[in-house]
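Please read the structure below before turning to the comments.
No hydrogens, no waters, no symmetry mates; every other heavy atom, side chains included, goes into these values. If you're wondering where the values come from, they're calculated on a predicted model, not measured in any experiment. Throughout, a chain's letter reflects where its sequence line sits, starting with A, and its residues are numbered from 1.
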Protein chains: 2
Amino acid sequence: MAGLLADSTRAAMCWALLDGRAWTSRELALHAGVAASTVSEHLTRLVEGGLLVEHRQGRHRYVALAGPHVAELLEAMAAFGPRVPPRGLRAAAVSEAMARGRTCYDHLAGRLGVALRSGLGDLGVVSADLAITEPGEVWLEKLGFDPGERRRSRACLDWTERVPHLAGAAGAFLCAMFFERGWIRRIGTSRAVVLTTEGEQGWRALGLPGVPAA
Amino acid sequence: MAGLLADSTRAAMCWALLDGRAWTSRELALHAGVAASTVSEHLTRLVEGGLLVEHRQGRHRYVALAGPHVAELLEAMAAFGPRVPPRGLRAAAVSEAMARGRTCYDHLAGRLGVALRSGLGDLGVVSADLAITEPGEVWLEKLGFDPGERRRSRACLDWTERVPHLAGAAGAFLCAMFFERGWIRRIGTSRAVVLTTEGEQGWRALGLPGVPAA
DNA sequence: TGGACGGTTCGGCGCCGGCCGAAGTGTTCC
DNA sequence: GGAACACTTCGGCCGGCGCCGAACCGTCCA
């Protein structure tokens with residue numbers, strides 16, 4: 001089973017899927033730099049292994065991570081790997097952008113994610129264990145969080161910061177809200193995100209301390 | 001990095017080390033059914049990869065898991081694997097014993113571990129998020145738990161039950177206490193454990209509901 | 001000071017699996 | 001209907017890696 005993630009090409013594909021979107025087979029082939037036939041075989045194995053789910057539509061085959069648990073497993077494993085410094089100016093810039101803030105499947109990670117978590121902790125919305133407190137639930141509902149969703153939040157080990165951050169339903173909700181309100185913006189098509197000026201204002205308006213440096 | 005766990009021999013070795021003890025190179029070779037030279041190479045790679053730590057003593061080389069995080073990663077990955085039914089009566093018996101109750105590195109897992117967790121939840125010792133509550137802390141201290149230890153408990157995804165159970169300092173403390181008081185006993189030299197009759201009495205004496213079936 | 005023993009290093013064997021290109025299937029668009 | 005396109009299947013190549021046995025190095029014990 002671990003063999004599924006052992007291959008560098010498959011790992012690259014899963015890593016790309018961590019942006020939470022569904023990719024087409026061709027896109028993954030381009031991204032991974034291998035032939036379409038190779039990707040096809042890999043995808044079949046990953047789907048059979050339960051790591052990915054597929055969704056066929058016309059002549060396209062869309063694949064996505066099978067769920068948040070897969071994303072969390074991936075980031076947890078990445079936290080193990082040897083911290084290889086990126087080679088080249090361009091790679092270093094990309095790496096720095098990712099470390100600053102990024103999406104992790106459906107929630108925020110990187111320094112931005114950690115800042116959000118610690119801010120929520122200061123506000124008393126979540127406990128030190130990343131459980132949502134009762135006042136925190138009220139606070140979230142005011143923002144539009146549906147209490148019918150699973151109340152249980154989840155910790156997700158941050159790949160760059162090596163610190164847990166907020167995942168689960170609440171993490172996904174806040175990330176979506178940040179996007180909707182234009183508080184964060186993707187850098188190109190990557191997973192990296194930046195806090196916009198509106199985002200900084202919103203950050204303060206929520207009462208969150210310590211606006212993260214841009 | 002994931003390649004370290006991809007090989008079945010290395011996986012078997014790590015799996016054996018999940019009992020929390022330090023094994024010698026020879027024992028692992030016997031267990032895995034490969035030559036000593038092969039094990040030696042595997043161990044070197046696993047140690048370099050940070051999954052294992054070694055401790056040389058005389059002509060022996062003891063290896064153990066590098067920490068609880070490794071154990072949790074292993075069980076989390078095992079929870080993914082296809083539930084292969086064991087082949088043969090003997091294998092089925094072993095599997096059943098493991099599912100009933102076992103140690104997971106330094107804490108309890110299996111149905112016994114899950115029963116413990118839910119019992120602690122009913123008592124209000126831990127929250128639904130497996131965080132230790134304030135009354136829970138008092139409760140644990142009465143049993144001899146050192147509050148100086150990290151208060152943060154950890155969730156560990158149970159391999160057989162697919163449900164999180166109590167790991168971390170509190171989980172390790174309770175498991176050690178159960179052993180000391182003779183409430184649980186290892187079956188042979190395996191990770192599987194059984195609740196003794198003293199254990200059943202103790203279970204009730206603690207006020208835990210639902211004594212797990214023997 | 002031998003011999004037994006645990007562990008390591010090295011050379012070589014064999015298999016597994018990732019990769020590609022070519023041919024084939026189904027879909028969409030003109 | 002035909003052409004372009006996304007994807008799949010198949011055969012074959014090749015590199016990597018797990019495995020072993022043999023030789024070697026230290027440690028422990030008589």
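- Taking atom CZ on B:Arg45 and atom C1' on C:dT9, their separation rounds to 16 Å, with Å as the unit.
- Between A:Arg100 and A:Glu96 there is a salt bridge, with a side-chain nitrogen of the basic residue lying less than 4.0 Å from a carboxylate oxygen of the acidic one.
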Task: Intermediate values then yes/no, salt bridge (Lys or Arg N to Asp or Glu O under 4.0 Å), A:Glu27 and A:Arg21 - done: CA-CA 12 Å; A:Glu27 290 169 327; A:Arg21 297 180 307 176; over 6 Å; no
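- Side-chain atoms of A:Ser25 do not come within 3.5 Å of backbone N or O of A:Ser40 as any donor-acceptor pair.
- Across the protein-nucleic acid pair, B:Tyr62 atom OH and D:dT27 atom P stand 15 Å apart, rounded to whole Å.
- Remark: P of D:dC7 and CD of A:Glu54 are 11 Å apart, rounded to the nearest angstrom.
- At distances below 3.5 Å, not a single donor-acceptor pair connects side-chain atoms of A:Arg191 with backbone N or O atoms of A:Arg102.
- Backbone-only engagement by B:Ser25 is indicated by non-hydrogen atom pairs under 4.0 Å involving sugar-phosphate atoms exclusively.
- Rounding to whole angstrom units, CE of residue B:Met13 and C1' of D:dC19 are separated by 14 Å.
- Mapped onto DNA chain C by nearest heavy atom, B:Thr44 and A:Gln57 fall at different nucleotides, with B:Thr44 at the one closer to the 5' end.
- Summarising the geometry, the separation between NE2 on A:His60 and P on C:dC29 is reported as 9 Å, rounded to the nearest angstrom.
- One finds a side-chain N or O of A:His42 lying less than 4.0 angstrom from the OP1 or OP2 phosphate oxygen of C:dC19.
- Distance A:Leu28 CG to D:dT8 P: 11 Å, rounded to the nearest Å.
- Side-chain atoms of A:Arg117 and A:His165 include no donor-acceptor pair closer than 3.5 Å.
- When distances are taken from the side chain of B:Arg56 to each of C:dG7, C:dC19, D:dC7, the shortest belongs to C:dG7.
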Pull out every protein N or O sitting under 3.5 Å from an N or O of nucleotides 10-15 of chain C, one pair per line with the distance.
{"unit_1": "C:dC10", "atom_1": "N4", "unit_2": "B:Glu41", "atom_2": "OE2", "d": "3.4"}

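- A donor-acceptor contact under 3.5 Å links the side chain of B:Arg59 to the base of C:dC5.
- In this structure, B:Asp7 places its CG atom 14 Å from C1' of C:dG17, rounding to the nearest Å.
- The side chain of A:Ser40 places an N or O atom within less than 4.0 Å of a non-bridging phosphate oxygen (OP1 or OP2) of D:dT8.
- Distance B:Arg26 CZ to C:dA4 P: 15 Å, rounded to the nearest Å.
- Taking every side-chain heavy atom of A:Arg61 into account, D:dC7 is the closest of C:dG17, D:dC19, D:dC7.
- More than 12 heavy atoms of other residues, nucleotides or ligands sit less than 6.0 Å from atom CZ of A:Arg186.
- Paired with A:Leu51 under the rule side chain to side chain contact (heavy atoms under 4.5 Å, CB included), one option of A:Val70, A:Leu17, A:Leu65 passes, and it is A:Val70.
- Contact annotation for B:Thr24: backbone-only contact, meaning every heavy-atom pair under 4.0 Å involves sugar-phosphate atoms and none involves a base.
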